[in-house]
Amino acid sequence: MRLARHSYSTLRSIQGPLLFVEKVIEARMGEVVTIAFPDGREAEGEVLRIERDTVLIQVIGDSRGLDLDRTRVTFTDSIKRAPLAAEVLNRAFDGSFRPIDELPMFVPEKWAPVSGLPMNPVARERPQEMIETGFSTIDGLNTLVKGQKLPIFSCAGLPSRELAAGILEHARAKSAEGAGSVVVFVALGLAFHEYAYYRQTLERLKGDYVAFINLARDPVVERLLAPRFGLTVAEYLAFEHGRDVLVVVTDMTNYCDALREVSTAREELPGRRGYPGYLYSDLASLYERAGRIKGQPGSVTLLPVVTMPEDDITHPIPDLTGYITEGQIVLSRELHQRGVFPPVDVLPSLSRLMQRGIGKGRTREDHREIANLLYMHYATGRDLRRLEAIVGREGMSEADRRMLEFAAAFEQAIVHQGEARRGIEETLDASRALLERFELLGAA
Amino acid sequence: MNGRIIGISGPTVSVDLQGLRLYERVLVGEAGLMGEVVRLEQGRAVVQVYESTRGLAVGEPVEATGSQLTVRLGPGLLDTMFDGLQRPLAAMRQEQGPFIHPGGAAASSAAAQPPLRFVPAHKVGETVAPGELLGHVEEGELRHPVRAPEQGGAIERIAEGEVPAGEPVAVLAGGIEVSAFHDWPVRLPRPYARKLSRFEPLVTGQRCIDFLFPLARGGSAIFPGGFGTGKTLLEQSIAKFADVDIVVYVGCGERGNEMAEMLDDFSELTDPWSKRPLMSRTIVVVNTSNMPVAAREASIYTAVTMAEYYRDLGCHVLLLADSLSRWAEALREISSALEEMPGEEGYPTYLDSRMAEFFARAGVVETADGKVGSLTVLLSISPPGGDFTEPVTQACLRNTGAFFMLDTDLAHRRHFPAINWFQSFSLYEQDVSCHLEEQVAAGWGELRRETRALLQREQGLREVAEIVGTEGLQDADRLLMQVTEDVRRRFLAQNAYTEDAFSTPQQTHELIHSMIEGYRGASAQLAKGEHLEAVLRKVRPAKKQAAAAGGN
Ligand SMILES: Nc1ncnc2c1ncn2[C@@H]1O[C@H](COP(=O)(O)OP(=O)(O)OP(=O)(O)O)[C@@H](O)[C@H]1O
Ligand SMILES: [Mg+2]
């Protein structure tokens with residue numbers, strides 16, 4: 001602990017959002033600084049690196065208007081923290097945790113570091129309780145469970161927004177014990193019209209929510225901060241108030257691009273596609289905050305939306321995301337073009353924690369069998385579409401034609417559901433009916 | 001010796017301490033975070049810090065310890081979960097609650113353990129030479145030798161029966177206390193008398209591996225695969241079912257939920273070979289992806305040193321790490337904080353040699369006291385974008401004895417384990433085969449050749465069928481495709497969530513033998529002019545099993 005606040009105007013250079021300050025005594029890694037602009041404005045910054053008395057600072061907010069002579073940097077001796085209190089509920093903030101709903105800031109009951117702490121693996125509870133999203137392709141075939149992190153892999157132009165909004169609106173924990181669920185919505189680099197859309201969704205919500213909104217015109221560095229605020233609030237609500245918190249972050253691609261921008265400004269060695277080599281660790285520091293604690297109520301479940309650049313699933317952002325998360329929900333351009341909503345391609349989609357969340361006592365005894373059969377026969381049907389393209393439907397055997405019909409019927413009856421919410425029972429009943437219609441149920 | 005922090009960059013700090021040695025352990029900052037010296041320069045040293053450097057300030061104190069990064073070896077390691085620095089996670093949870101706080105946590109403390117059972121080999125008054133055996137600590141079936149320290153001398157006191165774990169088991173003249181535990185530097189391979197070139201099979205319980213690409217005890221294998229191709233499940237299945245004495249599992253930079261699942265599963269299972277609780281042969285080392293990156297680099301060494309310790313007791317030890325790529329990336333992150341000249345894809349140029357050193361720690365050895373022990377290493381690799389030409393996979397390929405390529409396409413078809421049977425290889429195949437022929441069934445090698453040939457032919461036929469449809473193929477070819485589909489679905493695939501997850505070599509042999517026999521018989525019938533449909537009906541499996549094997 002330092003006795004006095006240090007204040008310096010010894011700037012050596014400014015590069016984009018980065019400042020080098022010299023002759024600093026005792027800076028702290030990650031320390032928050034306040035930066036006084038020549039015109040009297042103030043912004044925050046964070047210490048990124050220290051080499052003897054030279055400190056590298058990242059400005060949070062707009063760095064336009066800074067100069068070398070009159071800018072003053074004050075060290076606060078504390079690292080970045082989030083204000084917490086139950087009054088955070090049903091409020092909307094920007095990427096710096098300032099209210100944007102025209103209500104005054106709440107009085108914090110406590111402050112917690114935004115970077116969070118890693119959960120001790122032996123304290124983790126195994127996730128196994130289903131969250132019903134209302135979408136058959138997720139609930140029936142790629143079941144989401146409390147404490148899981150399951151991204152949505154989308155492509156530019158696909159309705160990931162409508163899917164995310166649908167989940168925000170419809171998701172509920174199957175076994176609602178404890179204090180009920182909360183949605184934490186984090187928007188990163190959002191266009192204004194999208195913001196308006198989500199705003200309406202949030203207002204329609206029956207349950208509690210907290211929103212962190214970073215718009216496209218807002219500072220890039222706040223994009224790195226907003227998800228951390230969101231997750232810190234989520235952990236607080238989950239583990240101190242026993243709530244089941246569903247965190248929806250959209251769009252992680254904007255987050256990664258912000259990280260790349262900052263990394264480039266720091267002149268770090270670029271990795272694949274210019275993203276920094278620590279992208280994996282950085283993403284993990286967010287995604288791994290999903291989870292549950294043994295012997296405690298509450299959970300943090302994470303649904304990040306990732307728009308795959310160039311529709312490429314091997315692009316570093318979806319690739320590293322997939323390496324950290326417990327499965328993925330993949331949207332398909334082809335299904336979208338055929339008017340299927342949500343356009344979820346179930347073949348590359350997967351929920352890795354599904355096994356324990358379904359079946360007798362959780363969903364329904366026949367859930368696993370139904371899911372396996374749908375998947376297997378749909379995969380067969382999809383394979384046959386390639387053959388169909390070569391030899392034509394006439395050249396195919398009766399049995400093969402039947403599987404083609406099954407695949408089409410599956411897409412229309414199960415994948416497609418439009419606006420309607422489907423409960424898990426309804427999903428399983430419809431699936432059973434479909435399998436029965438094609439005589440695929442008893443036979444297996 | 002004391003000094004101060006003069007710079008901080010990512011997971012590394014510069015300190016002004018004089019007289020440090022490379023790889024010396026230092027305590028950093030007010031919180032006493034653990035670190036290791038990785039570079040020495042005139043007037044400063046660079047320390048890689050094993051905990052988060054967030055909140056550290058320039059000017060905070062630094063203390064040299066005079067020792068290297070070590071692990072504590074001795075009884076009581078089994079059935080425990082450690083972090084990358086060998087701190088017991090259960091104890092940390094008790095101390096700190098569900099989240100891990102930097103600093104604070106005590107290292108592996110013997111005092112927290114239950115008492116040991118000591119069996120002396122000498123009496124009070126007798127004199128022991130340096131290194132001479134004083135007695136054993138018994139732990140289940142294992143016997144941990146306790147030896148006289150460098151000085152030797154007359155025995156003043158020696159325990160018999162129960163000893164509190166924190167207390168010495170013997171005291172020599174001059175008050176020299178002898179503990180059942182000793183510390184060993186993690187970066188230093190433990191010595192042995194000599195390496196042996198013996199090849200006994202290491203049964204994994206996975207048909208595809210045991211039959212097509214068998215492993216040898218003391219060997220090494222890698223399995224690279226894109227995300228979701230089944231690396232973790234395969235490692236965990238092998239950890240459950242492998243025919244070894246001790247399993248050391250490293251969760252290196254992977255998921256916390258996965259570890260929770262694993263602990264949950266393992267605590268309910270028994271070792272299929274010894275019928276004892278599975279955890280009683282298992283040590284787990286975890287550094288999840290959100291735990292400090294420098295400790296991830298160390299976790300592999302912590303684990304391999306513990307594994308070597310059991311090898312030296314004459315055990316067959318299996319080390320599994322998931323995933324080596326995260327270790328390599330940690331190395332890269334530290335290297336870049338040190339501003340070293342980057343090699344390929346930013347990895348340091350010493351990546352290859354570090355890996356070669358690590359692989360060299362596997363092997364069958366004759367120990368210093370004449371026992372034979374083995375250490376087998378199995379590593380998963382997570383290539384970016386599933387592209388195997390990247391540096392980590394390539395560096396491993398130069399060092400490993402077996403390569404199981406996990407195929408994204410098979411995984412998407414939910415064929416697990418998604419081991420590609422054309423691209424994978426095992427250099428142990430020949431050496432291990434004769435054992436299998438002897439112990440399991442003669443004709444094992446022949447059966448394998450035949451199966452491979454069938455799969456190869458199927459590949460060609462499938463390409464044709466893609467164009468003309470299966471209807472357009474000849475009867476003999478359709479029969480072949482029917483049989484290979486059966487081989488793929490019921491033999492090569494093994495659902496980790498069902499009873500089928502484990503297969504003994506006898507069961508493996510029986511199953512493939514019956515399939516190939518069935519094919520031979522059916523071919524003969526077909527040749528005799530029997531109708532294809534009739535023949536197919538005979539070789540077609542009961543449908544239920546096919547569905548179970550193909551499901552997710
Ligand atoms: N042997 C198996 N039997 C049944 N399902 C399996 C098997 N292996 C893998 N799977 C399925 O594949 C999923 C992914 O497997 P796993 O977690 O082992 O992949 P991974 O290669 O470790 O992925 P990552 O690189 O992202 O960690 C599992 O959740 C499971 O659904
Ligand atoms: Mg894995």
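For clarity, every value in this text was computed on a predicted model and none was experimentally measured. Below, chain A is the first sequence line, B the second, and so on; all start at residue 1.
Comparing A:A284, A:G30, A:G116 by how many heavy-atom pairs each has under 4.5 Å with chain B, the most go to A:A284. Per-residue heavy-atom pair counts under 4.5 Å with chain A were compared for B:M259, B:E30, B:H412, B:M81, and the maximum is reached by B:H412. Interface remark: of the candidates A:G291, A:S115, A:P318, A:S78, A:S115 forms the most heavy-atom pairs closer than 4.5 Å to chain B. Residue with the most contacts toward chain B among A:L384, A:N120, A:D319: A:N120 (heavy-atom pairs, distance under 4.5 Å). Considering only heavy-atom pairs separated by less than 4.5 Å from chain A, the leading option among B:P292, B:S336, B:S382, B:G346 is B:S382. With chain B as the partner, the residue from A:S285, A:A379, A:P127 showing the most heavy-atom pairs under 4.5 Å is A:P127. Considering only heavy-atom pairs separated by less than 4.5 Å from chain A, the leading option among B:A90, B:G59, B:G97, B:G226 is B:G226.
With sequence neighbours left out, A:R401 forms a salt bridge (charged side-chain N to carboxylate O under 4.0 Å, His left out) with A:E398.
Under a 3.5 Å cut-off, the side chain of A:Y278 and the backbone N or O of B:G10 do not form any donor-acceptor pair. A distance-only check finds a donor-acceptor pair linking the side chain of B:R255 to the backbone of A:I324 [under 3.5 Å]. Here the side chain of A:E288 pairs no donor or acceptor atom with the backbone of B:S289 at under 3.5 angstrom. The closest donor-acceptor contact from the side chain of A:R52 to the backbone of B:I6 lies at 3.5 Å or more, if one exists at all.
Taking each heavy atom of B:N257 and A:K149 in turn, the nearest pair found is ND2-NZ, 3.9 Å. The shortest heavy-atom contact between B:V293 and A:S281 is CG2-OG, 3.8 Å. The two residues A:P121 and B:T288 make their nearest non-hydrogen contact at CG-CG2, 4.1 Å. Of all heavy-atom pairs between B:D264 and A:R126, the closest is OD2-NH1, 3.0 Å. Scanning all heavy atoms of the two residues, the minimum distance from A:D383 to B:R413 falls at OD2-NH1, 2.8 Å. Across all non-hydrogen atoms, the minimal contact from A:P118 to B:M291 is CB-CG, 3.8 Å.
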Full working for salt bridge (charged side-chain N to carboxylate O under 4.0 Å, His left out) between B:R44 and A:E51:
CA-CA 12 Å; B:R44 67 172 203 160; A:E51 184 59 47; 3.2 Å; yes
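Of the atoms belonging to B:A465, it is backbone heavy atoms, and not side-chain ones, that fall under 4.5 Å from chain A. With a threshold of 4.5 angstrom between heavy atoms, B:E60 approaches chain A through side-chain atoms but not through N, CA, C or O. For a residue to count as touching a neighbouring chain, one of its non-hydrogen atoms must lie under 4.5 Å from one of that chain's; by this rule B:P11 does not touch chain A. Only the side chain of B:L263 comes within less than 4.5 Å of a heavy atom in chain A; its backbone stays farther off.
Atom CD of A:E22 sits in a crowded spot, with more than 12 heavy atoms from other residues, nucleotides or ligands closer than 6.0 Å. By the 6.0 Å contact criterion, NZ on A:K23 is open, its count of non-hydrogen atoms from other residues, nucleotides or ligands being 12 or less.
Atom CZ of B:R54 sits about 10.5 Å away from atom CG of A:L117, to the nearest 0.5 Å. Rounded to the nearest 0.5 angstrom, A:L269 CG and B:E345 CD are separated by 11.0 Å. Within the model, atoms CZ of A:R49 and CD1 of B:I8 stand 12.0 Å from one another, a figure rounded to the nearest 0.5 Å. B:F227 CZ to A:L350 CG: the interatomic distance, rounded to the nearest 0.5 Å, is 9.5 Å. Atoms CZ and CD, on B:F99 and A:E235 in that order, are 5.0 Å from each other to the nearest 0.5 Å.
Residues of residues 387-396 of chain A placed with any heavy atom under 4.5 Å of a heavy atom in chain B are listed by number as A:L387, A:I390, A:V391.
With a 6.0 Å cutoff to the six-membered ring centre and a 45° limit on the axis angle, B:R326 counts as a cation-pi contact of A:Y323.
At a threshold of 4.5 Å between non-hydrogen side-chain atoms, the residues B:E261 and A:L353 count as touching.
Ionic pairing of B:D265 and A:R356 is present here: one or more N-O contacts between side-chain nitrogen and carboxylate oxygen are shorter than 4.0 angstrom. For A:R272 and B:E329, the salt-bridge test fails: no basic side-chain N is under 4.0 Å from an acidic carboxylate O.
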